[in-house]
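Heads up, the thing below is written out as structure tokens.
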Amino acid sequence: MDYSKEFPGCLVINTDGSSFRNGKEDATAGVGVFFGKRDRRNVGVPLGPGKQTNQRAELMAIKIALDKADVKANVVIRSDSMYAIESLTNWHRRWKLASWKAPAGIFRENNALVETILERMQLRKHVGASTRFFWVKGHAGDPGNEAADKLAVRGSKRAWNQRKFGDRRSRKVKGRARPAPQEAAPQPAKKQVRFAEVDGD
């Protein structure tokens, strides 16, 4: 899709996050970043260490997008995550006033990741580049969003397979019984010889 008319003079990046079995203890997440067809900057990888949630994957996708974009380029991030967009444009101000804590005292998740992205945005602003966000409805046939989603799903599935086969190998090694030391087979009695036998070569 050509975004030149919709966002003139801007680099448009579609981002998305995916979490396979989101909310479960064994969830695995992936991030998707789509710059355009056959663009080498496109990313579809596992989320990496940390909590495997869809929200964290959405934020990580935005971080990677801004890291890959030219710091001096005006950027528009298209995302279907209102959580990620609001976190980076509005909510973070209230969270800072509350020391990143909710009224009930529950520590805000993903605050470190949000802070990292905000620092990148501030750097871009310092050199005269803008960072804007555009919400797009997910799974509604939007070409850019669908492409980012496919990349994110690929990342989450890769993470799942890595864990699945990694755990299988680990269980196989852990469950493998050590072979019992074999006793030496009895040797037939030898006739008495003139020389003593010597162990070794």
Side-chain angles (χ1 to χ4, degrees), residues 10-36 39-71 73-96 100 102 106-125 129-139 142 144-164 166:
C10 293
L11 171 63
V12 179
I13 314 171
N14 289 271
T15 64
D16 201 7
S18 171
S19 181
F20 182 62
R21 292 178 60 80
N22 190 42
K24 306 294 184 180
E25 291 185 2
D26 61 348
T28 56
V31 299
V33 182
F34 181 71
F35 283 81
D39 194 304
R40 293 184 177 182
R41 295 168 295 181
N42 293 343
V43 173
V45 296
L47 174 58
K51 199 167 183 179
Q52 302 294 295
T53 65
N54 188 70
Q55 291 179 339
R56 185 164 172 269
E58 296 277 5
L59 288 168
M60 182 61 73
I62 293 174
K63 177 187 179 300
I64 293 175
L66 293 180
D67 286 344
K68 286 184 168 289
D70 187 336
V71 70
N74 294 322
V75 167
V76 173
I77 300 290
R78 299 178 83 252
S79 170
D80 61 12
S81 172
M82 190 59 72
Y83 166 82
I85 294 175
E86 288 292 332
S87 295
L88 298 170
T89 57
N90 294 314
W91 295 344
H92 70 90
R93 297 184 179 91
R94 298 200 304 269
W95 293 347
K96 285 181 179 179
W100 290 98
I106 302 174
F107 195 80
R108 287 283 182 182
E109 292 184 359
N110 305 320
N111 68 306
L113 183 53
V114 169
E115 286 283 15
T116 300
I117 299 172
L118 291 174
E119 289 174 2
R120 183 67 176 178
M121 292 169 59
Q122 189 63 33
L123 173 62
R124 294 172 47 77
K125 182 178 179 180
S130 65
T131 306
R132 293 188 290 165
F133 297 90
F134 181 85
W135 179 80
V136 56
K137 185 176 181 180
H139 307 289
D142 180 89
N145 179 257
E146 292 294 330
D149 176 70
K150 288 182 180 179
L151 291 168
V153 170
R154 181 190 304 174
S156 64
K157 287 184 177 179
R158 185 185 303 174
W160 176 262
N161 289 332
Q162 288 174 351
R163 176 184 294 175
K164 179 180 178 181

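Side chains are part of it too, since the values below use all heavy atoms of this structure and drop only hydrogens, waters and symmetry mates.
Checked by atom type and distance alone, the side chain of Q52 pairs as donor or acceptor with a backbone atom of G50 at under 3.5 Å. Counting only distance, with no hydrogens or angles, the side chain of N161 and the backbone of K157 share a donor-acceptor pair below 3.5 Å. Using modelled atom types, no side-chain atom of N145 and backbone atom of G138 make a donor-acceptor pair closer than 3.5 Å. The closest donor-acceptor contact from the side chain of N42 to the backbone of G36 lies under 3.5 Å. Checking side-chain atoms of R124 against main-chain N and O of S130 turns up a donor-acceptor pair under 3.5 Å.
Nearest approach of A57 to G30, heavy atoms of both residues: CB-O, 3.5 Å. Between A29 and A159, the shortest heavy-atom distance links the atoms O-CB, 4.0 Å. Closest non-hydrogen pair, A129 versus A73, comes out as CB-O, 3.5 Å. Between H92 and S87, the closest heavy-atom pair is CB-O, 3.2 Å. When all heavy atoms are compared, the tightest approach of I85 to T89 is O-OG1, 2.7 Å.
Exactly one residue among T53, L47, T28, N54 makes a side-chain contact (heavy atoms from CB on, under 4.5 Å) with S19. That residue is N54. The one candidate from R56, M60, K51, E58 that meets the side-chain contact (heavy atoms from CB on, under 4.5 Å) condition with N110 is R56.
The closest side-chain heavy-atom distance from I64 to V31 is below 4.5 Å. Using a 4.5 Å heavy-atom cutoff, the side chains of D16 and N14 are not in contact. Residues R154 and L151 have side chains in contact (heavy-atom distance under 4.5 Å, counting atoms from C-beta outward). Residues R158 and Q162 are in side-chain contact: their nearest non-hydrogen atoms beyond the backbone lie under 4.5 Å apart. Residues F133 and I62 form a side-chain contact, since some pair of their non-hydrogen atoms from C-beta on lies under 4.5 Å apart.
Distance check, rounded to the nearest 0.5 Å: CG of L66 to OG1 of T116 gives 11.5 Å. Atom CD in E146 sits 9.0 Å away from atom CG in D80 (nearest 0.5 Å). Distance check, rounded to the nearest 0.5 Å: OG of S79 to CZ of F134 gives 11.5 Å. Between the CG atom of L88 and the CD atom of E115 there is a distance of 10.5 Å, given to the nearest 0.5 Å. With rounding to the nearest 0.5 Å, the separation of OG1 in T15 from CD1 in I13 is 8.5 Å.
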Legend entry - side-chain contact (heavy atoms from CB on, under 4.5 Å) between D149 and F34, worked out: CA-CA 9 Å; D149 176 70; F34 181 71; over 6 Å; no

Inset, instruction - Start with the C-alpha gap between V33 and R41, add the side-chain angles, then the distance that decides, and say whether side-chain contact (heavy atoms from CB on, under 4.5 Å) holds. - result: CA-CA 8 Å; V33 182; R41 295 168 295 181; over 6 Å; no

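Scanning for ring-ring contact (aromatic ring centres under 6.0 Å, His included) contacts around Y83 gives an empty result, with sequence neighbours left out.
A salt bridge does not link D26 with K24: none of the charged nitrogens is closer than 4.0 Å to a carboxylate oxygen.
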